[in-house]
Amino acid sequence: MKDNGSQLSALENHSIFILREAHHAFRNLAMPWSMGKDSNVLLWLSLKAFLGHIPFPLLHIDTTYEFPEMLEFREWAIQRYGINVIVKVNTEARARGIGYETHDPVTVTHELKTVALKQAIAEHKWDALITGIRRDEDPIRAKERYFSPRDADSEWHYKHQPPQFWGQFAMKNAAGEHVRVQPLLDWTEVDIWRYIEREKIPIPALYFARNGKRYRSLGCRPITHPVESNASTIPEIIAELEETRSSERAGRAQDHYEPHAMQKLRAKGFM
Amino acid sequence: VKIVFVGHVDHGKSTLIGRILEERGSLPEGKIEALRASCQAEGRQFEYAFVLDALAEEQQQNVTIDTTQIHFRTPARSYVIIDAPGHEEFLKNMITGAASADAAVIVIAADEGAREQSRRHGQLLSLLGIRQVIVAVNKMDLVSYSEAEFGRIEAEYRAFLESLGMKAGAFVPVSATAGRNIARHDEPAMSWFSGVSLLQAIEELEPAPSAAEQPLRFPIQEVYRVENRRVFVGRIESGTLRVGAELLFSPHHKTARVATIERWQDSSAQSASAGDSIGITLRDHIFIERGHIASHEADAPLESNRLHARLFWIGAEPLRIGARYRLKLVTQNVECEVVALGQVIDAATLAPPAAAPAELRIKEVGDVTLQTRAPLVFDNHERVPAMGRFVLSDGASLAGGGVISGAVYTGPNAVKSENIFWSESEITAEHRALRNQHRGAVIWLTGLSGAGKSTIARALEKELFQLSMHTYVLDGDNLRHGLNANLGFAPEDRAENIRRVSEVAKLMADAGTVVVTSFISPYRADRARARAIALRAGAEFVEIFVDAPLAICEQRDPKGLYQKARAGKLKGFTGIDAPYESPENPEIVVSTHEQTAEESVAQILTQLLPRLRLKA
């Protein structure tokens, strides 16, 4: 059996390989970055892949419902890593009064995240987005590929995905389409934490327990709930995850609003 | 360890996986309860397969639509299960899933036995390079746990696997729905079975052998410029790379020593091996780009523009002879053409192969010969798996996968196979021949004045040119006015004239041209020297005797020279007052008094072209 160290290194090596292939394959790339734990691992892997100089911009979709701690972290990271970050807000939807105060979470998430992302893709004409999704997050995400084409409406045709094997991916995409590049697909939640621990990757403090509660997954403030936990260090979080069998996104309300909500969100272009 | 589950539709793969996960306690809390509740609400019976088929469509259609990966652990190690669909339309997904697996579990239902997809999947696993296979004979409850039924299925499928060069590690009788012989072998119903349970058989799988033991192959992904240093990044596919070692970069055969191994904020590593994504800097400045492959010279890969492979086809449009595709092998990407196609036995139907198929349709497997437009660096699959497999793409998506075998390794200076042209760094006659698709050659016409040499030479040149060949005629007219302007018709001047013609013809042949010389060249010694000059340079020499009796030539007398010679105005004219020594063993003889010029040219082409063209 491989020890955890060599397993993490294997995951790291493969992710770096995918990032470099993506940089070669696509002229106009961007990397959505939520400042969450997976996003920060992806950022770290990109620094490794490109030897400290990330050759594409990062994109923060600001829903205007962000935790202040996350925004602080964003400004800190821009200074620390010298990265180019584009901040996108769906100002049009906010002007129409779309918000958690008045609308259901699926609608708000769609408008302030998915539509905002589509607007950014259209504005910047990106032909590929590097995302931090993992297969173990949700059953629908288990169907993903390393290079996953999306049509002009950002829709995902998961029944007609191109085959990918032997390190070769479907590269080109027609005008208006874009490809989701997913270097963390093979990682599990525990892998992410072990890697953060091994590499000492800075992450927002919200992940660590305070007063018996911590955030396991971070989204918009009104719909993201902390879980019961006393894990205040990374080893404690890992130990807790190895005990628990409840799902990671249990605290994310939009996933549970209606049956197959995640599948519907995802097919429409949600990450 | 990554294990792919394959098998014919409805043979119970997903149920088997669901059962394994439950036995191992690897399902998220509440998952089974939620599914049971939803089944009850919809008035359906709960099945373990639903655990995997999480998509709404899948539950509706009751068919797994894409590859799913599930993690589970045993006390000994951790596993990734890849659930590959048995439904026929989704073959490409099964390949996607199986290509990354270390081992496979083939599920065969005891009541149906091995079916079309059981065999097709077996054949694909063999092509994908998966050597460790467990066969789970499922639904034993439907055959009353019969030892005889199990034995019959095992014997038949074992023989099939062996015909593919594969060997099953174990055949295990199970019942997924009844949960028998999954985790423990303590089944009274199958007390006749002396083997282990399915989970036990899985625990006994060996980890994939490390590619670090294979020869070094480091394909370059990209060249990054970091603080004015050029860093060559890539993933080591096999072997080990060390600082200070001399690397050979193929296909251009340049060598350079490794200065540093680079990672972000770390240049301290002294070595890196298979699987590592690294960058290197070099002590020597040489030109390197994406697609170049670094190796050690003593253990270098193959280089050729031609290769043989066994190919599975998943493109909607059939693969056809003469069609062009992009061939991708690690970071190489070259255009190729299908030059030959042979069909192998159809694993699904076990039908014998067609004699000479014109195309390979979706789901079919065949043997192909491919010609690439640029040299390709590769290995036989048995030697370095990662360098012995490639994909063909037709537009944006992958249309087929091939496994290379049977190529002959030669040292850089020992070019043995005629298919291997790229092993020397200089441009050779072979390189030119490859580009032109024919060899350079000296076609030496000899015969009396008026025999028809010039007519034949011009007609031959025209024919060769129309066949897209590089060709040129050397005759008295274009040489005597320039290069040989200082020569007269004295015997020594004539000899010198022919020597210069021989040398010029050799150079042009070496440059890849089919040179047609048209000179009386009456002396055997002069012609023998012309042949020697050409052969010494490695050029093909073809002597053509343009034969006609003197009387007929004199009668034709196109330039009035015989008349002048007879009148004594021209001294030393061949046939009149100087001898003509007929060739003793010419490659080709044309008798122009017995056939037309066109017939002579056709005869020459028939005999000449097989010598000039590259063998298919």
Side-chain angles (χ1 to χ4, degrees), chain A residues 1-2 6-7 9-10 12-21 23-24 44-45 47-53 55 135-136 138-140 142-145 149 158-174 185-186 188 190 244-248 250 259-260 262-264, chain B residues 1 25 27-31 38 52-57 65-71 76-78 80 90-93 95-96 98-100 128 207 221-222 224 226 231 233-235 237 262-265 275-279 290 314 328-331 386 389-391 393 395-398 401:
Chain A
M1 182 190 170
K2 281 185 166 183
S6 69
Q7 194 179 316
S9 296
E12 175 192 78
N13 280 317
H14 192 232
S15 298
I16 291 174
F17 173 78
I18 291 168
L19 284 165
R20 288 172 174 168
E21 285 299 284
H23 176 51
H24 169 77
W44 193 260
L45 289 166
L47 289 163
K48 288 202 171 198
F50 305 107
L51 304 168
H53 306 275
R135 271 202 195 93
D136 74 332
D138 186 278
I140 181 69
K143 310 281 173 186
E144 284 283 3
R145 303 260 164 101
Y158 44 82
K159 276 188 164 184
H160 302 284
Q161 299 195 78
Q164 295 181 9
F165 50 97
W166 296 341
Q168 305 292 347
F169 312 106
M171 288 288 188
K172 272 192 222 152
N173 50 307
L185 214 49
D186 295 338
T188 64
V190 174
T244 185
R245 284 170 74 191
S246 80
S247 113
E248 177 182 3
H260 311 303
M262 186 64 172
Q263 179 186 338
K264 288 174 186 170
Chain B
V1 182
L27 295 175
E29 201 175 299
K31 184 107 175 181
S38 110
L52 308 177
D53 299 340
L55 281 175
E57 280 109 329
I65 64 161
D66 196 7
T67 301
T68 307
Q69 302 208 0
I70 307 124
H71 298 258
R77 55 187 175 188
S78 62
V80 179
F90 305 123
L91 188 73
K92 58 187 206 279
N93 299 323
I95 290 165
T96 302
S100 65
L128 292 167
Q221 247 180 314
E222 207 84 77
Y224 296 156
V226 182
V231 182
V233 304
R235 180 174 66 180
E237 294 293 339
E262 298 283 333
R263 291 186 175 92
W264 180 42
Q265 297 178 332
D276 288 346
S277 281
I278 54 161
R290 180 179 166 93
I314 46 179
K328 297 178 185 176
L329 196 163
V330 292
T331 56
R389 58 198 183 199
F390 60 86
V391 304
S393 79
S397 66
L398 309 187

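Source: prediction; values computed, not measured. So that the names make sense, note that chain A is the first sequence line, chain B the second, and so on, each numbered from 1.
- Chain A forms more heavy-atom pairs under 4.5 Å with one residue of I278(B), V231(B), D276(B), V226(B) than with any other, namely D276(B).
- Rounding to the nearest 0.5 Å places CD of E237(B) at 6.5 Å from CZ of F17(A).
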Intermediate values then yes/no, side-chain contact (heavy atoms from CB on, under 4.5 Å), F169(A) and K328(B): CA-CA 10 Å; F169(A) 312 106; K328(B) 297 178 185 176; over 6 Å; no
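- E21(A) has a carboxylate O that lies under 4.0 Å from a charged side-chain N of R290(B), or vice versa, which qualifies the two as a salt bridge.
- Summarising the geometry, atom CZ belonging to R235(B) is positioned 5.5 Å from atom NE2 belonging to H14(A); distances are rounded to the nearest 0.5 Å.
- Put simply, the side chain of Q168(A) never gets that close to the backbone of L398(B): no donor and acceptor are under 3.5 Å apart.
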side-chain contact (heavy atoms from CB on, under 4.5 Å) between R20(A) and V233(B), worked out: CA-CA 9 Å; R20(A) 288 172 174 168; V233(B) 304; 3.6 Å; yes
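- Using cut-offs of 30° and 60° for the angle between ring planes, the W44(A) and W264(B) rings count as perpendicular.
- Across all their heavy atoms, G275(B) and N13(A) have their closest contact at O-CB, 3.1 Å.
- At a 4.5 Å heavy-atom cutoff, the contact between L128(B) and chain A is made by backbone and side-chain atoms alike.
- Pairing each heavy atom of A99(B) with each of F165(A), the nearest pair is CB-CB, 3.4 Å.
- Both the backbone and the side chain of R389(B) have a heavy atom closer than 4.5 Å to some heavy atom of chain A.
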